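Please read the structure below before turning to the comments.
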Amino acid sequence: MAPFRILSFDIECAGRKGHFPEPTHDPVIQVANLVTLQGDDQPFVRNVMTLKSCSPIVGVDVMSFDTEKEVLLAWRRAEVLGIAEFPILGRIRNSRVRIKDTTFSSRQYGMRESKEVTIEGRVQFDLLQAMQRDYKLSSYSLNSVSAHFLNEQKEDVHHSIISDLQNGNSETRRRLAVYCLKDAYLPQRLLDKLMFIYNYVEMARVTGVPISFLLSRGQSIKVLSQLLRKAKQKSLVIPNAKHAGSEQGTYEGATVLDARAGFYEKPIATLDFASLYPSIMMAYNLCYCTLITPEDAKKLNLPPECLNKTPSGDTFVKSNLQKGILPEILEELLTARKRAKADLKVAKLFLLFLGIFLVLVLRLVAMSCIILHNLVQLYNEAKDPFEKAVLDGRQLALKISANSVYGFTGATIGQLPCLEISSSVTSYGRQMIEHTKKLVEDKFTVLGGYEHNAEVIYGDTDSVMVQFGVSSVEAAMNLGREAADHISGTFIKPIKLEFEKVYYPYLLISKKRYAGLYWTNPDKFDKMDTKGIETVRRDNCLLVKNLVTECLNKLLIDRDIPGAVQYVKSTISDLLMNRMDLSLLVITKGLTKTGDDYEVKAAHVELAERMRKRDAATAPNVGDRVPYVIIKAAKGAKAYEKSEDPIFVLENNIPIDPHYYLENQISKPLLRIFEPILKNASRELLQGSHTRSISISTPSNSGIMKFAKKQATCIGCKALISNSDHTLCSHCKGREAELYCKSVANGGRFLFSVADLEQLFGRLWTQCQECQGSLHQDVLCTRLDITVSDDSKKCYILFSRDCPIFYRRKKAQKDMAEARVQLDRWSF
DNA sequence: AGCTCCCGATCTCAAGCTATATTGC
DNA sequence: CTGCACGAATCAAGCAATATAGCTTGAGATCGGGAGCT
């Protein structure tokens, strides 16, 4: 098979939002830019008419970020321009591209609306969808994704100036082309870096579905496909189960042992079942084809030693009578996962012979060139920690696939639900974790000849956390291994309890929430591991995330409690004095359903609705994440009345509400962390001189004035003043001379000097220029009129919402403009 | 006429419940 | 033969748990107005 050739496809057209400007003399670049990148060739821009000459193309052909929307836009645009050949993108002569709306909704991925594009003969691989499925991020724009994975950003060109660039001279058109090129190039780099093709080809081969299914369908199709494949081999027929519409309801899931919350300064050993649910299904031969009713068993006169009664009361035959299909499928998935884990080991150990060995093994398993190619590459670059993360994601995907075999049997609205299997699996699981807990606590006692009594402090589904009482990591590891071996012996193969790691120290907050240092060898900890707390959640603002992470670092790694307290205090003080970057205060939440379906008012939902009224084109849609900040408003206003678009806040100089952030965002998470460690945490952290800030009075409270409004502020103390002709509030009158000096010279505590701000802006500006890749041109992604006052250049209002620097530059700009105005307001 | 008392209306606040978002396994 | 309207069919891994904010409810506090008394 010929190697894949990957064609990156990107389309840029002016008037994205459905307004189509008049066709220009050269419609090509406005319609589409196709960028092909093959090996070491120089990337080049082709116009759409020459696409057909790119053939012969094999394999994955069309790949982009948000392919569907882009094709649709270009398609409409081509229609307006009367380019009849455009929709012929497939490899079948005269077959036209067809586009239709689809919605996909699942519990795992939420509801998403998208466009389905049929391009015959080409496999589409939409990076946006792949990203949304494989990685949990706060924003999925190409810009922010590239920043996250590639440390590189694209030059964002707002659609409103595309026409200008196109109608300008050859230089401006070149810039437009460069921009388009980058848009096509970035997805390719992401594709390579995250090894999407490699991973998806593997997943498609293991589960037996087309690559497109992996992006457009859910988990269950993979399981069904494997079932069908196996059933065919065995000449079995899968019934076309008519789900009778009956709400069979839900069944009992796994046990989560009660958490003994607290801060543990002794090592905690963790014992895990390896792939618990799959191994239960394998051990007890649970399958559709082994389930039997007791009556049938009697009728067929089956001997009881061939039957297995599960704790939930269902009966399955043993494998000597009939081996189940599901266990076989699981074996294959777990083998694939083992392979993936071995690759991870290569990355870890960087061993030459193992690499070669794997290449040889894999050559037998998968003859595909791409896999070989990637493996060689994998071997060469395996030391990169990023690579490790990608490989880890791959084995995780296989783990999830294995687990969804169990999920498939429990999906009551799926193709083939079988609650007998799924509830048997969970009942075995519940039994096993209780058994493990009991065994550990019974065996490791002072009476049993050990130094201390072991205590199980927590456990979730397939793991138990044990405090053996010893104080060295090494001793805990030895006891952990001993316990794992001992307990594994009491279970049927292939169920296996493994000793995995030691946490030391360990901060257990509640069920499913903990943090600790993760040790796999006794000399040095591997990393800090946090589960469920704010550091890993996406629904907090960055401020909370950073603050909590930093505190945990100080508390767990440095063991520096005063340092952590000091850090919290200074952060709170910064927040209350309004010295916080807006980008740190942006909260994002996913929009899971359409506006009407929400029963209660939530901040992000209401904001999305308001934004839709303002400008329907840029407002978030279902499935998008909505960023917002909380602004100052009347006392007692609900959070949903105080949420606002961060861009809107910056542009209109709306004050944010620091007290909201203090009370509703950072206080509780901090207390949860500090409480087990520090007595009187609340008093220490949240009260004291650092919480006294310069008070800024809120606008009048009467109903109509509920929303904050732009008002002049006193230069001295930033209090709002009613008469915008005045410079100072009545309090600060008499300090004019002093304040003016501060204002002009070095910035005072609450003021920044014009010189400072200009310097800051300059620095950020340079960074943005670097991100666009050239220092010799204006940055397109900014507002030129503010900085270059004597220049009559056209003012491009452009922004990139996801650039972390953007908010800071925007604020620096704003502050600088204000500082100038304030300087002018001194009328001596 | 002015003051007091009573009763209903309104406000406030806490407790409990529910919806929503997100994660762990 | 094509385009359009309409209806039918298809599709969606699982449960446990925490945190937050909105909503409801009920108790108590407060307020205001009218009746009655001095």
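These numbers were taken from a predicted model, which means no experiment stands behind them. A, B, ... follow the sequence lines: proteins, then strands. Residue 1 opens every chain.
A/Y458 comes within 4.0 angstrom of no nucleic acid atom, judged by non-hydrogen atoms across all strands. Residue A/K512 is in base contact, counting any heavy-atom pair closer than 4.0 Å across all strands shown. Residue contacts for A/Y109: at a heavy-atom cut-off of 4.0 Å it reaches no nucleic acid atom on any strand shown. A/S106 comes within 4.0 angstrom of the backbone, heavy atoms only, and of no base. Counting any heavy atom pair closer than 4.0 Å across all strands shown, A/Y660 reaches sugar-phosphate atoms only and no base atom. Residue contacts for A/R430: at a heavy-atom cut-off of 4.0 Å it reaches no nucleic acid atom on any strand shown. Backbone-only engagement by A/N664 is indicated by non-hydrogen atom pairs under 4.0 Å involving sugar-phosphate atoms exclusively.
Ionic pairing of A/R430 and A/E252 is present here: one or more N-O contacts between side-chain nitrogen and carboxylate oxygen are shorter than 4.0 angstrom. In summary, A/K512 and A/D460 engage in a salt bridge, as defined by a charged side-chain N under 4.0 Å from a carboxylate O.
Closest to the A/Y640 side chain, of the nucleotides C/dC23, C/dA12, C/dA16, is C/dC23. Relative to the side chain of A/R672, the nucleotides C/dA16, C/dT20, C/dT18 differ in distance, and C/dT20 lies closest.
Two residues, A/K601 and A/G253, neighbour DNA chain C, and the one matched to the more 5' nucleotide by heavy-atom proximity is A/G253.
Counting heavy-atom neighbours within 6.0 Å of A/K399 NZ, excluding the residue itself, gives a total of 12 or less.
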Practice prompt. Begin from the C-alpha positions of A/T270 and A/S463 and carry the test side-chain hydrogen bond (donor to acceptor under 3.5 Å, both in side chains) through to its verdict.
Written response: CA-CA 7 Å; A/T270 309; A/S463 64; over 6 Å; no
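Listed by first residue number, the stems of DNA chain C with at least three Watson-Crick or G-U pairs below 3.5 Å are B:1-25 with C:14-38.
Taking the centre and axis of the six-membered ring of A/Y518, the NZ or CZ atom of A/K527 falls inside the cone set by 45° and 6.0 Å.
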Give me, pair by pair, the N or O atoms of the protein and of nucleotides 19-22 of chain B that are less than 3.5 Å apart, along with how far apart they are.
residue, atom, partner, partner atom, Å
B/dT20, OP1, A/K593, NZ, 3.4
B/dT20, OP1, A/E599, N, 3.0
B/dT20, OP2, A/K593, NZ, 3.0
B/dA21, OP1, A/G590, O, 3.3
B/dA21, OP1, A/T592, OG1, 3.4
B/dA21, OP1, A/Y598, OH, 2.6
B/dA21, OP1, A/H604, NE2, 3.0
B/dA21, OP2, A/T592, OG1, 2.3
B/dT22, OP1, A/G590, N, 3.2
B/dT22, OP1, A/R625, NH1, 3.1
B/dT22, OP1, A/R625, NH2, 2.8
B/dT22, O4', A/R537, NH2, 3.1

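Taking the side chain as every heavy atom from C-beta outward, A/L128 and A/V145 never approach each other to under 4.5 Å.
Among A/Y514, A/F263, A/Y458, the single residue meeting the ring-ring contact (aromatic ring centres under 6.0 Å, His included) criterion with A/Y503 is A/Y514.
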